[in-house]
2 protein chains.
Amino acid sequence: MVESWSFPDTAESNFRPLVVIELAKGTKEETIEWFTKRIVDKKADGGAQLLIQPLVTENGVENIYLVGASHLRLLLGAETVGLVKECNDNSMRTFTYSSRKTFKHFADDNHNFLTMAECQYIIKHELENLRAKNEKMIPGYPQAKLYPGKSIVRRLLTSGILVQIFPLHDREELKKLSHSWYGRVKVGYQPLDDIRCYFGETIALYFGFLEYFTFALVPMAVIGIPYYVFAWEDYDKYMMFATFNLLWSTVILEVWKRMCAILTYRWGTLLMKRQFEEPRPGFHGVLGINPVTGREEPVYSSIKRQLRIYLVSLPFVCLCLYFSLYVMMIYFDLEQWALDYHKENESNFSSLMLYVPSIIYAVVIEIMNRIYRYAAEFLTSWENHRLESSYQNHLILKVLVFNFLNCFASLFYIAFVLFDMKLLRQSLATLLITSQILNQFAESLLPYWLQRRYNRRMKKRMCSKKTDTDLSLAEQVNMEKEMGTYLGTFDDYLELFLQFGYVSLFSCVYPLAAVFAVLNNITEIYSDALKMCRVYKRPFAEPTASIGVWQLAFETMSVISVVTNCILIGMSPEVDALFPDSKMDLVLTVALVEHLLLAIKFIMAFVIPDKPRDIQMKLAKLEFESLEALKQQVRAFQMQL
Amino acid sequence: MVESWSFPDTAESNFRPLVVIELAKGTKEETIEWFTKRIVDKKADGGAQLLIQPLVTENGVENIYLVGASHLRLLLGAETVGLVKECNDNSMRTFTYSSRKTFKHFADDNHNFLTMAECQYIIKHELENLRAKNEKMIPGYPQAKLYPGKSIVRRLLTSGILVQIFPLHDREELKKLSHSWYGRVKVGYQPLDDIRCYFGETIALYFGFLEYFTFALVPMAVIGIPYYVFAWEDYDKYMMFATFNLLWSTVILEVWKRMCAILTYRWGTLLMKRQFEEPRPGFHGVLGINPVTGREEPVYSSIKRQLRIYLVSLPFVCLCLYFSLYVMMIYFDLEQWALDYHKENESNFSSLMLYVPSIIYAVVIEIMNRIYRYAAEFLTSWENHRLESSYQNHLILKVLVFNFLNCFASLFYIAFVLFDMKLLRQSLATLLITSQILNQFAESLLPYWLQRRYNRRMKKRMCSKKTDTDLSLAEQVNMEKEMGTYLGTFDDYLELFLQFGYVSLFSCVYPLAAVFAVLNNITEIYSDALKMCRVYKRPFAEPTASIGVWQLAFETMSVISVVTNCILIGMSPEVDALFPDSKMDLVLTVALVEHLLLAIKFIMAFVIPDKPRDIQMKLAKLEFESLEALKQQVRAFQMQL
C-alpha cells in the first residue's frame, strides 16, 4: 500500500503532512488516544487544533504520525508566534490575521503565503505549547508526572514515550534548492533567501556569515600570496601586512553587523518580538511557584547550581586545561626527537618526518576537542540551568576557553617562549591544514558516505529503483527518520572561530594562512550545504536576528590578535635592528603602537553604526507608527470622556 | 491688588498656577488672543485644553500668563506622556486613565496623586505639542512662518515673541525640601525621593550620582591618608594603592549602574517608553517631507552638516587644542622662572612663589574651558543637528576632548616627558584644589550672592518685609522670572568627570587627591543644593533612566587611568631597582601587568550584571504580563472566528 503526495485516501483531501511524530514502540493505546485527542482538540478546549494522521506502511501502523494543519489554523498560528512579513507597501510588519489583506502575496487561496519552514515552525510551536490542564500524569504512565501548564510534548520527550519530532523534507523543493546551491559549479552568491525559506533564519544566517567571511578573507589572502611567491622576509612588509590585517578584521566584524541587519530585516526576524523563555526541557527540580509568571513549575536553587559550577565544573575545566598543556609538552618532546632524527640521518624521509609530530598533534587536538565537547555538554546539562540561553552561554564559555587553549597554546609557546619563528610557521601551517582536512572529513564527507550507504541498502530492501523525488510518503518518512539530527550551528561557528584565530593571531608570521582559510571555506560552503541537504533530517526553522554570542567571540579574538601581532613584530630581528642603541625604546614603541591600534579599533567599533541608515530609517518609521497608533488610541479614548 | 495662594478671584476656584509664560513686551493683541485660545481650546479642536490666566500686578497686565489644568486633564496628560506609577500591588506600571483605580494613593479627589513636578512636566509636554493646523504664520507676525504640525511654542520662542516658559516654585514645599536637604548639619543621605518629586529625575539622579561617587571615593581617601601622614614613599605601597584604585574604580562604575537601576525603577523612569524625538527647536532648513513620519518639516542636507563638522568644527577644535598646548608651554616657562627665582633667593616668599605658576595656570585653564564651552555650543548649534540627542553628543564630544587635554596635558607632559614626580605631585595638587575652589565660587556662591542682592533690592522696592513663603503670587512670579535659568546637569557632570581624572589618572603618585575630592564633593552637595533651591528658576522635570553618555565617559577615563598608573609605577626608581639586570624585563613586566588589569576590568564589567536580580525579576514579570495580555487578545480574537 503505497501513498503518493496527492493523498487521495486521507480524511481531508487538503491534508498536507508537515511534521512527523515518532512514538516509542509499544506505547500504550490509551496514551496515544489521549495525545492525539489533545492535538486535534479545539483551542478553546485547550487543544492545539491541528490535524494528525497515522502513517500506514506495508508493515501496518508503526506508531508514526503525520501532523498538519488547515490553512486558517496556520495563519492564526503565524500571528501567535509573531511572524513578520512584507506588506504591500514594501515595509515589514508583524502579521495579524485581521490585517492579512495588506500583506504581499496574500490571498485566501494562496497556500504558499507561509513557507513550508514557517508552517513547520508554527506547528512545532503549537505542539510545544500544548499544556497539561488538570492531568496529574501522562495516561498509562503514572511515573511521567504532569502539572497544570507543563508542556505535554516536553514531558513525553523526557520520559521517552515520544522518540522524536521532525519536519518533513520537501523533495521537490530540496532538489531545486540543492541544484541552485551546490548542484552546479558556478561563481556567485549562495541563494540565501531560498536557504532561509527552506531551513530557516539561523541556518541561512550561518551560511550568510560563512560566505561573507570568505569574501572578507580574500583581500588578506591576495595580499598574503606575494609574501609566499617572492619569499619576502622583510619585517617592514610583514608589519604592513599585520597592520592592514588588524584594521581589516575590525572593519569586517563591524560591517558584518550591518550585513546581518540587512538580511534579518528582509527576513523579518530583526523586528520579531522576543518570546518569553520557557524552562528548557531537561530542567528539573521540586515543584514550586515561579515568581515571574506566578505559575507552578520546577524550581531549582540557584545556590546549588552555583556550587555545581564552581566546585565541579570549574575544577574539571582547569584539569582539562592542564591535561591539554601536558599533551602539548609531549608534542614538543616528539618535535625535538624528530629534529634529532633529521640531524642524524639527513634524508628525504627524515625531512618529511619533521612534519609528523605536528600532524599527530593536530589529530590529537581534534580528538581532545571532540571528547571535551561531550564532557562540557554533560556537565552543563548537569548544572541544571533553567533557561536554554543560560545553558548555551555556559556551554559556549566552557568550550571556547578549552578550544582556544588547546589549539593555540602550542603556538603561543613556540612564539613567546621558544622564539622560534620557523617552527611557528611550520607548526601553524600543519595545524591549520590538518584541522581543516579533518573537519571536512568528519563533519560532512563521512556522514554523507554513511548516509548514502544506508540509503542504498534501504532502497535495495524496498526493491525499488525510484529516484528520491519518486519515493512514496511512507518510504520517505522511514528514510528520513533514520537520518542523523543536525545539532545546530554551534560546531560550524566554532570551526570558523578557530580558523579566524589561526589566520589573525599570527598573521604577520604566516600570511599564507588566509589563503588556506579561503580555500577551505569555499569547499566548506559546498560540504556544509551537502550535509544540510543530504545527510541530516530537516531541522526546524529557528528565527534569529543575529549570530549572537559569536559576534562577541570574534571581536575578542581580534583584540587578542592585536596584542600577539604587535609582540611578534617587536621580536623580529629587522625591527630590532631599527633600535640598535636601546631595547627599551623598541619595547616602548611596540607598546605605544599596540595601544594606538587598540584605541583605533575601539573608536572604529564605536563610530561605525551597527545598522545601515536605510534600515535605521525603516525601524524609526515603524516605531513612529506604533507610537502614533498608541497616541490615537489614547486620544480616541479621551474624547469619549 | 495682591493675590494670595487661595485665588478667590480666579475664574475657576480650583485653578492652581503651575507654569508661567512670559510674552515679550508689546506683543500684538491678536497674537495673544490666538495663542491663549489655542491653549484653552478642546483637544478635539487641536487645542491643549489647559487653563490660562493673565497675571495681574500693581502695574496692571504685564504679558505674563499663568497656566494650569483641571485634575482630569492632568491625569489624561499623564497617560499621554506615559508616566509610570506604583500600583496597589507594589509593581510599577504605565499609568492609564482607565486603570487609574489600581494605582497606589489614587483617589478622584486626591490632587496629590501626581506630584507638582509631574504636573508641570505634563503641561510643558502639552504646550510643546500644541501644533499649527493650517496657520501659515503666527497671527500678527508674518515673518514667523508656520506649517501644519509645527510646534507653536517652539516657533514663538525662536521668533522671540515668547520670552520664557518656566514652572513655578512651590515655596511651601521648597522650604521643607531645603530644610531636609541642606538646612541642618546632619550625617546621612540626601532626600533623593523628595528631590525627585520636586526637581524631576534628571536632577535627582545627578545628586544621587554625586552622593554615590562621594561615598565611593571614601575608601580611596581613607587608604590615601596614611601615605601622607607617614610620608610613605615606597613604591610597593604605591603599587598596592594603585592596583586597589584601578579595580575599585571599575567596581564603583559597575555598581552605579545597579544603583541607578534601583533608583529609576522606583521612580518609574526605567520602564518609561522613549518618546519619539522631534527636531530640536533651533533646527532650520528648507521645508520638505520627513521620510520617517511622512510629515512636512524642515529638511537639512546631511552632507552640508558633515562639511560643516569636518571643514569648520574639526579644524577649530584642533586649533583650540594647539592653543591649549601653547599656553601649557608658557606655564612651563613660568614654572622654570619661579624655580630659578627660588634658587637665587632662597626665602619663604620664594618658596611660596613656586606655587604661583600652577595657580595662575589653573585659573587660565578654567577660563579657557569656559570660553571654549561657549564656542563649542555656538559651533554645534551652527552644525544644525536635527535631533537634540545628536546635538548633545556632538557638544559633549567636543567639550570632553578639549577639557581632557586642557586639564591633563601638563600633567602628562610632566609625568612622561619631564619624568619629574615631585613637580607632578605639586602641580596635580595645585590644579585640583584651585579648580575646585574656583568652581565652587563661580557655580554656586557667586550666583547665590548676586541673587540675594537682587532679591533684597526687589523686596525693598516692594516695601515688604515678608518672608519668602508669604510673598503674593504676583511678587513671587516677578521675582522668579528674573532668576537665572539652570542649564542642565552638563557642567556638573563635567566637573565630576575632571575630578575623577585628577583622582584616578595619577593616583599612585598623589594618593591624597581622593581626600580633596571627598571634601570638595561634600561641600559640592550643599552648594549645588543651594544653587538649585535658591539661585535658579525651578527647572522642568526631565524623566531619565540613566546618566547616559557620562557612564561611558567615566569608564573610558578609568581605562586610561590603568595605562597611566602602570607606566608611572614602571618608571619609579624602586620598581626599577627590582630589575637591576635588564630594563627590558621591567618594561615587559609592566606591560604584562597592564594587560592583565585591563583584561580583569573588561571581564568584571562583563560579569557584574547591570541590574540587580530583583529588578531583573520585576522587569521580567512585567514583560511576561504584557506578552500574556497580547496572547489573550490574539486568542480572544481567534475564538470569535
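Proteins get letters first, then strands, A, B, ... in listed order; numbering begins at 1 in each.
- Neither the backbone nor the side chain of B:R613 comes within less than 4.5 Å of any heavy atom in chain A.
- With a 4.5 Å cut-off on non-hydrogen atoms, A:I560 does not touch chain B at all.
- Atom CZ of B:F606 is surrounded by 12 or fewer heavy atoms from other residues, nucleotides or ligands within 6.0 Å.
- Contacts of residues 591-600 of chain B with chain A at a heavy-atom distance below 4.5 Å involve B:E594, B:H595, listed in sequence order.
- Heavy atoms closer than 4.5 Å to chain B are found in the side chain of A:V563, but not in its backbone.
- The contact between B:E628 and chain A is made entirely by side chain atoms (from C-beta outward), counting heavy-atom distances below 4.5 Å.
- Here the closest non-hydrogen pair linking B:P291 and A:M617 is CG-CE, 2.9 Å.
- Atom CZ of A:F624 sits about 8.0 Å away from atom CG of B:N290, to the nearest 0.5 Å.
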